[in-house]
Amino acid sequence: MQNRRDFLKTAGIAAAGSSVFGIAGCAGMGKGSGGHVVVVGGGYGGATVAKYLRMWSEGQIRVTLIERNTAFVSCPVSNLVIGGLKTMADITMSYDNLKSRWGVTVITDEVRALDTAKRTLTTTNNGTITYDHVVLSPGIDFMTDSVGGLSGNEALVPHAWKAGPQTVILRTQLESMKDGGIFAIHIPKAPYRCPPGPYERACLVANYLRQAKPKSKVLVLDANGEIQSKKALFTKAFESYKGLIEYRPNNELRSVDAKTRTAELDFDKVKADVLNVIPPMRAGDIAARSGLPLINDRWVDVDWITYEAKGVPGVHVIGDALFPAPTMPKSGHMANQQGKVVAAAIINLLAGEAPNASPVVMNTCYSFVDGKNAMHVASVHQYDAIKKQPMPVAAAGGVSPAANEIEGKFAHAWAQNIWADMLA
Amino acid sequence: MNLAKTALITLCLMGTTGLVHATDPNLARNLAATCANCHGTNGKSLGGIESLAGEPKQKLLQKLADYRSGEKPASVMHQIARGYTDEQLDLITTYFAAQK
């Protein structure tokens with residue numbers, strides 16, 4: 001890897017031969033100067049940063065992606081699988097294009113430890129790997145122990161809040177449920193991954209039950225005092241499932257009896273036929289194990305220009321693991337956006353340049369209320385140099401006036417395009 | 001180091017510390033990448049949402065202006081277009097117009 005002085009020298013020489021003074025020389029500086037970046041986690045954030053580092057550095061930066069699963073399974077759209085409208089194959093994609101088209105070294109492995117001083121990672125099967133920059137995109141891990149009786153019983157009381165085998169378990173339980181049964185879903189206190197997701201799930205389960213088992217009921221047990229995203233729209237959607245969906249706010253879960261699928265709440269006890277508990281969550285374990293600064297002992301505190309963990313140069317963290325900036329959702333869309341900001345920042349840092357001082361990120365999340373109609377929440381976040389964090393643009397963003405078929409189609413197109421943006 | 005080279009490096013450093021945004025060679029690329037989730041990498045959509053790659057700059061700017069003013073109805077773009085400055089939209093549309 002070139003050091004800063006060598007790089008400036010090269011840039012100067014390159015520009016000396018250029019017919020356009022100055023600016024052409026600057027353009028040359030944005031290109032890669034070598035270096036090795038390791039990305040941990042191949043979800044919406046990690047896959048994006050891996051691809052964009054290779055694409056934008058024109059192959060000059062070496063990228064290794066470490067992911068414990070052999071294929072990518074999307075959380076967005078997974079509620080449609082639970083509702084019987086899509087299959088697991090529809091939301092499962094390979095990492096082959098990242099390897100063959102973009103030249104990313106993809107390793108199926110798990111990171112045991114991160115030494116931020118030595119800039120090394122220890123893996124289970126691939127020994128020790130050194131890096132110039134590491135990007136952690138570890139998503140969330142569950143605080144399962146905070147709900148009594150839950151730990152070890154996730155097959156009986158699934159969360160299905162990480163897409164994959166858990167999605168299949170929940171779908172299978174729903175399919176096996178008797179007509180007249182109760183499907184109870186518990187939502188933890190915010191912040192949690194995908195704010196509108198639990199309410200979308202309630203709608204899509206109800207949509208399935210209305211057709212397949214109309215005597216059944218969906219019970220939404222929310223630890224929060226109100227619906228956390230698209231409140232008016234979901235309130236309307238729940239009304240359209242009158243008699244089928246019952247929403248109960250301020251119902252924090254204390255413990256479960258997995259065998260009888262009973263939820264013990266603050267003031268109530270609910271016996272369900274399918275009990276879907278989304279436990280409280282925190283940044284992926286690797287973040288806490290690596291001694292990164294956490295806020296509320298749960299979420300990583302980052303510098304919003306480079307997304308480096310505060311006080312830990314070279315260790316960038318993106319996605320759901322972050323302590324969010326104001327109104328910034330924990331979404332796949334946002335993780336993808338952050339991945340691009342970090343890819344640009346790392347390319348600049350490796351070239352001895354300052355990173356972009358005014359990064360912009362934006363979000364669009366679609367939620368389905370049935371098989372056809374969807375609605376969005378959108379926002380644009382501009383970096384505020386005084387507050388030193390991205391702030392939502394007040395005049396921008398918002399929600400749909402009502403769930404509609406056009407946005408149902410856009411939601412599917414969004415999925416195809418963002419999956420390609422990460423993986424193709 | 002000769003004077004010209006020193007001047008060049010100074011200019012480059014100014015341009016990349018964010019003091020002079022318009023000279024950051026990657027700003028347009030970075031901003032346009034915020035559109036890629038829906039409109040495809042470098043504005044090349046797989047379908048269902050329109051591609052932006054290779055679209056004339058003026059046409060894109062006019063559309064965005066109409067979304068902002070509310071003249072052109074939209075499901076979401078009227079809310080997103082209002083989140084970017086005029087300068088940013090200029091950079092974004094220049095970038096997409098240049099994509100093959």
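Protein chains get the first letters and strands the later ones, always in sequence-line order, with residue 1 at the start of each. Worth knowing before you read on, the calculation uses all heavy atoms, side chains too, and leaves out hydrogens, waters and symmetry mates.
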Hey, does [Y] have a side-chain heavy atom less than 4.5 Å from the side chain of [X]?
X         : Y         : answer
Asn30(B)  : Val341(A) : no
His333(A) : Cys38(B)  : yes
Val360(A) : Leu31(B)  : yes
Tyr52(A)  : Thr41(B)  : yes

Quick check: does any side chain N or O of [X] sit under 3.5 Å from a backbone N or O of [Y], one acting as donor and the other as acceptor?
X         : Y        : result
Gln337(A) : Thr34(B) : yes
Gln416(A) : Gly47(B) : no
Gln382(A) : Gly83(B) : yes

Subject >> Tyr366(A) versus chain B, the contacting section by heavy-atom distance below 4.5 Å >> reply: side chain

Original post:
chain B heavy atoms under 4.5 Å from Met422(A): which part of the residue, side chain, backbone, both or neither?
Top reply: neither

For [X] versus [Y], what's the shortest heavy-atom pair and its separation?
X         : Y         : value
Ala344(A) : Arg29(B)  : CB-NH2, 3.6 Å
Gln79(B)  : Ala378(A) : OE1-CB, 4.2 Å
Lys340(A) : Asn37(B)  : NZ-OD1, 3.1 Å

**OP:** Verify side-chain hydrogen bond (donor to acceptor under 3.5 Å, both in side chains) between Lys44(B) and Asn417(A), making sure each step is shown before the conclusion.
**Re:** CA-CA 9 Å; Lys44(B) 290 166 194 154; Asn417(A) 277 320; over 6 Å; no

Original post:
Counting only heavy atoms not in Lys231(A), do more than 12 fall under 6.0 Å of its NZ?
Top reply: no

**OP:** Would you mind checking which part of Leu46(B) comes under 4.5 Å of any heavy atom in chain A, side chain (CB onward), backbone (N, CA, C, O), both or neither?
**Re:** both

**OP:** Assess whether side chain to side chain contact (heavy atoms under 4.5 Å, CB included) is satisfied between Asn26(B) and Asn356(A), documenting all intermediate values.
**Re:** CA-CA 8 Å; Asn26(B) 297 319; Asn356(A) 179 10; over 6 Å; no

